[in-house]
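For the numbers below, each heavy atom of this structure counts, side chains included, while hydrogens, waters and symmetry mates do not. Quick note on labels: first sequence line is chain A, next is B, and so on, each numbered from 1.
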Amino acid sequence: MDISYIEYVYLYIHIKKRILCSNGLKSRRGSILKSLAFSRCGFGSSAAPAVFMDSGTSEQEDWDANGVIRDTTLLRKSRDGSGTGLHVMDFVDRDLYNHWLKRCTQMRKLREGRIFHARILNSQFRDDLVIQNTILNMYAKCGSLVDAHKMFDVMPLKDMVTWTTLITGYSQNDQGQEALFLFPWMLRHGLKPNQFTLSSLLKASGNAPINDKQGRQLHAYCFKCGYDTNVYVGSSLLDMYARYGRMVEAQSIFEGLVSKNEVSWNALIAGYARKGEGEHALRLFCEMQREYFKPTHFTYSSLFAVCASTGSLEQGKWVHAHVIKSGGRLVAFVGNTLVDMYAKSGSIEDAEKVFDRLVKPDVVSWNSMLTGYAQHGLGKETLEQFEEMLRIGIQPNDVTFLCVLTACSHAGLLDEGQHYFELMKKYNVEPDVSHYVTMVDLLGRAGLLDRAERFIREIPIEPTAAIWGALLGACKMHKNMELGAYAAKRVFELDPHDSGPYILLYNMYASAGRWNEAAEVRKMMKESGVKKEPACSWVEIENAVHMFIANDDAHPQREEIRKMWEKISGKIKEIGYVPDTSHVLLFVDQQEREVKLQYHSEKLALAFALLNTSPGSTIRIKKNIRVCGDCHLAIKYVSKVVGREIILRDTNRFHHFRDGSCSCGDYW
DNA sequence: GTAGGGTTAG
């Protein structure tokens, strides 16, 4: 017996009511009605598609438990099991089709969306423009731009929403160029963009910042139409400039907005955060609250990210206190940046605490924790955490394996590293350049230089400068001049502008006393116009970050700093420190070399910290390049003499100096 | 029916 039209309308009204319900009692009634509707259609009591249900509490579970895949399969069967059963849906009206499509879109259910699309093609609504736009949007949001574009092509009538939906689809799926390509065609078809179209185009333009000309043209267009001060378009516009790194323009657009909202504030804060201007971002954070805008997850993750990049533990803690006070749950997005912030600021214990309290840790949360362990040289903990991740069924990704391989390399775990590299296949993770670099590093550090070279020749991609650079680093470590020179040659061919390999090669020759070859490298470096990045170190004391460059004479406490270092230097020499001058300038005598070494930025930062912090407290220093061999040696002795923990973060990793030794085991 | 802001590696 088929359901009658009247019966259908009756049930439909009740189902619609159910959609509006969200509390437990009504939800139960809705569930009964859903079952009733489908049992009367002949599908048994549990056969209703989850799209009918909108409990508002556990949508994903609803969908998975009574999933639409199973239910649409059931829809294909008639009561006696012979027919298609799909005729039931012929009674569906336009709103319900739209509702289903929107549910598929929200939940990114491409397969189910296709089924509804197929049904619509056989219905009276196949040529309905609104329905077609909704289908197009469903494909775009589900990430199938091929289907979205096909849909766009077959639509006989296209309005502004059609064009905007496709443009937005490309923009949101990181295909900004396609989005920007469509815009002139839209104009040629006589359609004018609205605020939806323009904000998508600006987003596309901000993500393709190779040439900001297009962005400026769009800005001019927005200005001409009077959209530049609109909160949606203006926020996208300021975000675009912020992505170009042009904060003056971004700030000026922000100030010109007719009205602001959280998104405008967040876009500006994120802009300053990306530039590493933490102080500015924090000032804006305070200002937005003074103007009664509530910080959101977006605000907090930008702030934690900038604290992580500058290693500002105290400021990061202050923002963390704000999150706690605001009473919000620590969602993964914010929690992940917080884990990263604590790990990068040198406090791995706090990172662990936050990680343990995350409500639903995702793969990025695990990766952040793994990265933390790896950067702190905690090889064993990294591998244990990784095994735990696999045990509870989190699918590792390319970043996960990179963390694990880096940890193995830093901890000298050769066999484990090779095992995890092989394991990538099992988890369908394709190795990319960074994995190959790490494997060369792993083999090279372990002294297996020939195997590392063979590995490079066997990989399925053309070796890059970074890959040869890793071999060069290993050759320097193990003093293999010939292979090192060969690797350096490959690096110079592929990337002649990076100063790093020149310095590595120079140091390799200098530390072996081969000064003629070292002089040759300096000459080459000069000829190719490559400049060494000036070294600087930072230390955070009482919420203020102090920066030091080598031989810094500008600091107000310079005299005290020098005296402190001389005092400490005398003490460490008494217990065995001998300056390692092998890496210092050519053609200067031993005494001059020692003087040059004395005022390396990390030593100045350390002396400053010793002057301005209480005895026994941990000292945290950050450096923009790798720590030099002599400073590493000196800081080990200092940690013993002053009886304090000194944590140094360089470009590669953390060094925890305690009682005369370093956590890296002199292996960095 | 269409829009803008945030995370992990190197």
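Residues from residues 269-276 of chain A placing a heavy atom under 4.0 Å of any atom in DNA chain B, listed by number, are A:A270, A:R274. Near DNA chain B, meaning a heavy atom under 4.0 Å from it, residues 225-241 of chain A has A:V231, A:Y232, A:S235, A:S236, A:D239 in order of number. Of the residues in residues 152-164 of chain A, A:D159, A:V161, A:T164 come within less than 4.0 Å of DNA chain B through at least one heavy atom, sorted by number.
Between A:Y244 and A:S205, the side chains place a donor N or O and an acceptor N or O closer than 3.5 Å (distance only, hydrogens not considered).
Among the nucleotides B:dT7, B:dG4, B:dT2, the one closest to the side chain of A:N194 is B:dT2. Of the candidate nucleotides B:dT7, B:dA9, B:dT2, B:dA9 has the atom nearest to the side chain of A:V399. When the nucleotides B:dA9, B:dG4, B:dG6 are ranked by their closest atom to the side chain of A:Q375, B:dA9 comes out on top. Nearest nucleotide to the A:V263 side chain, out of B:dG10, B:dG5, B:dA3: B:dG5. Between B:dT8, B:dG10, B:dG4, one nucleotide has an atom nearer to the side chain of A:D340 than all others, and that is B:dT8. Of the candidate nucleotides B:dG5, B:dT2, B:dG4, B:dG5 has the atom lying nearest to any side-chain atom of A:A267. Minimum atom distance to the side chain of A:F298 is reached by B:dG5, of the listed B:dA3, B:dT2, B:dG5. For A:C403, whose side chain is taken as the heavy atoms from C-beta onward, the closest listed nucleotide among B:dG4, B:dA9, B:dG5 is B:dA9.
Counting non-hydrogen atoms under 4.0 angstrom, A:N98 reaches nothing in the nucleic acid. When heavy atoms are screened at a 4.0 angstrom cut-off, A:D398 is found touching no nucleic acid atom at all. The residue A:Q172 sits close only to the backbone: its heavy atoms come under 4.0 Å of sugar-phosphate atoms, none of a base. At the heavy-atom level, A:K344 lies under 4.0 Å from the strands shown only through sugar-phosphate atoms. At the heavy-atom level, A:S365 lies nowhere under 4.0 Å from the strands shown.
Evaluation of the side-chain hydrogen bond (donor to acceptor under 3.5 Å, both in side chains) rule for A:Y436 yields no partner, not counting sequence neighbours. A:K425 is linked by a salt bridge (Lys or Arg N to Asp or Glu O under 4.0 Å) to A:E422, counting only residues two or more places apart in sequence or in another chain. Applying the side-chain hydrogen bond (donor to acceptor under 3.5 Å, both in side chains) test to A:E388 and every residue at least two apart in sequence or in another chain returns A:R391. Checked against side-chain hydrogen bond (donor to acceptor under 3.5 Å, both in side chains), A:K344 has the following partners two or more places apart in sequence or in another chain: A:D340. The salt bridge (Lys or Arg N to Asp or Glu O under 4.0 Å) search around A:R216 returns A:D212, A:E249, not counting sequence neighbours. Under the rule for a side-chain contact (heavy atoms from CB on, under 4.5 Å), the partners of A:V437 that lie at least two apart in sequence or sit in another chain are A:V433, A:A466, A:I467, A:A470. Judged as a side-chain contact (heavy atoms from CB on, under 4.5 Å), and not counting sequence neighbours, the contacts of A:Y227 are A:N194, A:Q195, A:L198, A:C222, A:C225, A:N230, A:V233.
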Return a table of donor-acceptor pairs under 3.5 angstrom between the side chains of residues 401-408 of chain A and protein atoms on other chains or two or more places apart.
| from | atom 1 | to | atom 2 | distance (Å) |
| --- | --- | --- | --- | --- |
| A:T406 | OG1 | A:L402 | O | 2.6 |

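Here the two rings, on A:F183 and A:Y221, have centers that are under 6.0 Å apart.
Between A:K150 and A:D153 there is no salt bridge, since none of the side-chain N atoms of the basic residue sits less than 4.0 Å from a carboxylate O of the acidic one.
Applying the ring pair (Phe, Tyr, Trp, His ring centres under 6.0 Å) test to every pair with at least one member in residues 326-345 of chain A, sequence neighbours left out, gives these pairs: A:H320-A:Y342.
Note: CG (A:N397) to C1' (B:dG10) measures 14 Å, nearest angstrom.
Note on A:R243: a side-chain N or O is less than 4.0 Å away from OP1 or OP2 of B:dG6.
Here A:F333 packs flat against the base of B:dG6; its ring centre is closer than 5.5 angstrom to the base's six-membered ring, tilted by less than 30 degrees.
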